[in-house]
Protein chains: 2
Amino acid sequence: MATTVKTLPLAAPDAVPCCPPITSAELSEADAVRMAAMFKALSDPVRLRLFSRVAAHENGEACVCDIADVGVSQPTVSHHLKKLKDAGLLTSERRGTWVYYRVEPSVLAAMGQMLATGP
Amino acid sequence: MATTVKTLPLAAPDAVPCCPPITSAELSEADAVRMAAMFKALSDPVRLRLFSRVAAHENGEACVCDIADVGVSQPTVSHHLKKLKDAGLLTSERRGTWVYYRVEPSVLAAMGQMLATGP
């Protein structure tokens, strides 16, 4: 009997791509809704620091055990990480005891591209 | 009698420069507070569209009369533009009847640099 191996896509194909540099074209209403939600996820200082800790970690992935000491309680850390996941900025995977977080590169690229200056 | 002309600085000299790419270094607590405030200014879809309309306008400057038709009331437009100014993303200047808004390029560059991906 053949074994069926199922693979799951890492991200929906239409997860991004958005948007042209903000200096080159007006955002559509729909794109503004999507991008505003991403910026909202980074609009809290503690959440932004958690995101930066994951992003700057080796290979863009970090164990929650390595990033959680940002001066707030563990439930608050969990709440912020959930918000970042809900906004599509982080993905997570449980391995044994710990959950590992990873930056979603396409989302980071979309935000960076939109705010890029120059030609 | 001599006439004294006072000039005001357009922006504090330390208004930016911040920060290295988020994938290369963790944000400090102070930088996270500053950058989160900028992202918060872009976290509302209408505000983000207004910002994009100014940014995409010729020479990065727009009359409020050219950008205000985003489907909300004039007081709401004014409120959002004030938030963008308070966050340092826009500057404004009255000329005759109209107020003109301009993107603060150093702030846009700081956000773009922080979210830039690549080496």
Side-chain angles (χ1 to χ4, degrees), chain A residues 19-62 66-67 69-72 80 87 89 102-118, chain B residues 19-62 66-67 69-72 80 87 89 102-118:
Chain A
C19 305
I22 201 162
T23 51
S24 73
E26 264 180 40
L27 278 177
S28 71
E29 203 168 337
D31 284 344
V33 168
R34 291 170 57 197
M35 297 306 290
M38 294 180 197
F39 289 126
K40 194 179 179 82
L42 300 182
S43 69
D44 177 277
V46 171
R47 210 146 64 220
L48 182 55
R49 279 178 70 208
L50 285 168
F51 182 70
S52 105
R53 286 186 160 203
V54 175
H57 214 262
E58 208 177 336
N59 300 321
E61 183 185 77
D66 287 329
I67 59 169
D69 57 331
V70 284
V72 297
H80 283 312
L89 274 72
R102 178 173 282 282
V103 167
E104 175 52 46
S106 61
V107 175
L108 184 60
M111 287 190 293
Q113 176 178 288
M114 204 190 97
L115 297 176
T117 51
Chain B
C19 305
I22 203 162
T23 51
S24 72
E26 265 180 37
L27 276 179
S28 71
E29 205 168 334
D31 284 344
V33 168
R34 290 170 58 198
M35 297 306 291
M38 294 179 197
F39 290 126
K40 194 180 180 83
L42 300 181
S43 69
D44 177 276
V46 173
R47 210 146 63 220
L48 182 55
R49 278 179 70 210
L50 284 168
F51 182 70
S52 103
R53 286 186 160 204
V54 176
H57 213 263
E58 208 178 335
N59 301 320
E61 184 184 77
D66 287 330
I67 59 170
D69 57 329
V70 286
V72 298
H80 283 313
L89 273 72
R102 175 174 283 282
V103 167
E104 175 51 46
S106 60
V107 174
L108 184 60
M111 287 190 292
Q113 176 176 287
M114 202 189 98
L115 297 176
T117 51

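On a predicted model such as this, the values are computed, not experimentally measured, just so you know. Sequence lines set the chain letters: A, B, ... in the order given, protein chains first and strands last, and positions in each chain run from 1. These values consider heavy atoms only, across backbone and side chains, with no hydrogens, waters or symmetry-generated copies.
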Which region of B/Met114, side chain (C-beta onward) or backbone (N, CA, C, O), has a non-hydrogen atom less than 4.5 Å from a non-hydrogen atom of chain A, or is it both or neither? side chain

Tightest non-hydrogen contact, residues A/Phe39 and B/Leu115, listed as CE2-CD1, 4.3 Å

Report yes if some heavy atom in the side chain of A/Ile22 is under 4.5 Å from a heavy atom in the side chain of B/Leu108; otherwise report no. yes

The interface call for B/Gln113 against chain A, heavy-atom contacts under 4.5 Å, is neither

To the nearest 0.5 Å, atom NE2 of B/His57 lies from atom OG1 of A/Thr23 at 14.0 Å

Among A/Arg49, A/Lys40, A/Met111, the residue with the most heavy-atom pairs under 4.5 Å to chain B is A/Arg49

Counting heavy-atom pairs under 4.5 Å to chain A, which of B/Gly112, B/Ala25, B/Ala36 comes out on top? B/Ala36

I want to check something: taking the side chain as every heavy atom from C-beta on, are A/Leu27 and B/Leu48 in contact at a cut-off of under 4.5 Å? yes

Quick one: which of B/Pro20, B/Ala55, B/Ala37, B/Ser24 has the most heavy-atom pairs under 4.5 Å with chain A, could you say? B/Ala55

Side chain to side chain donor-acceptor pair (under 3.5 Å) filter on B/Asn59, not counting sequence neighbours, yields none

Using the salt bridge (charged side-chain N to carboxylate O under 4.0 Å, His left out) criterion, which residues pair with B/Arg102? Sequence neighbours excluded. B/Glu61

Residue among A/Pro105, A/Ser28, A/Ala41, A/Pro45 with most heavy-atom pairs under 4.5 Å to chain B: A/Pro45

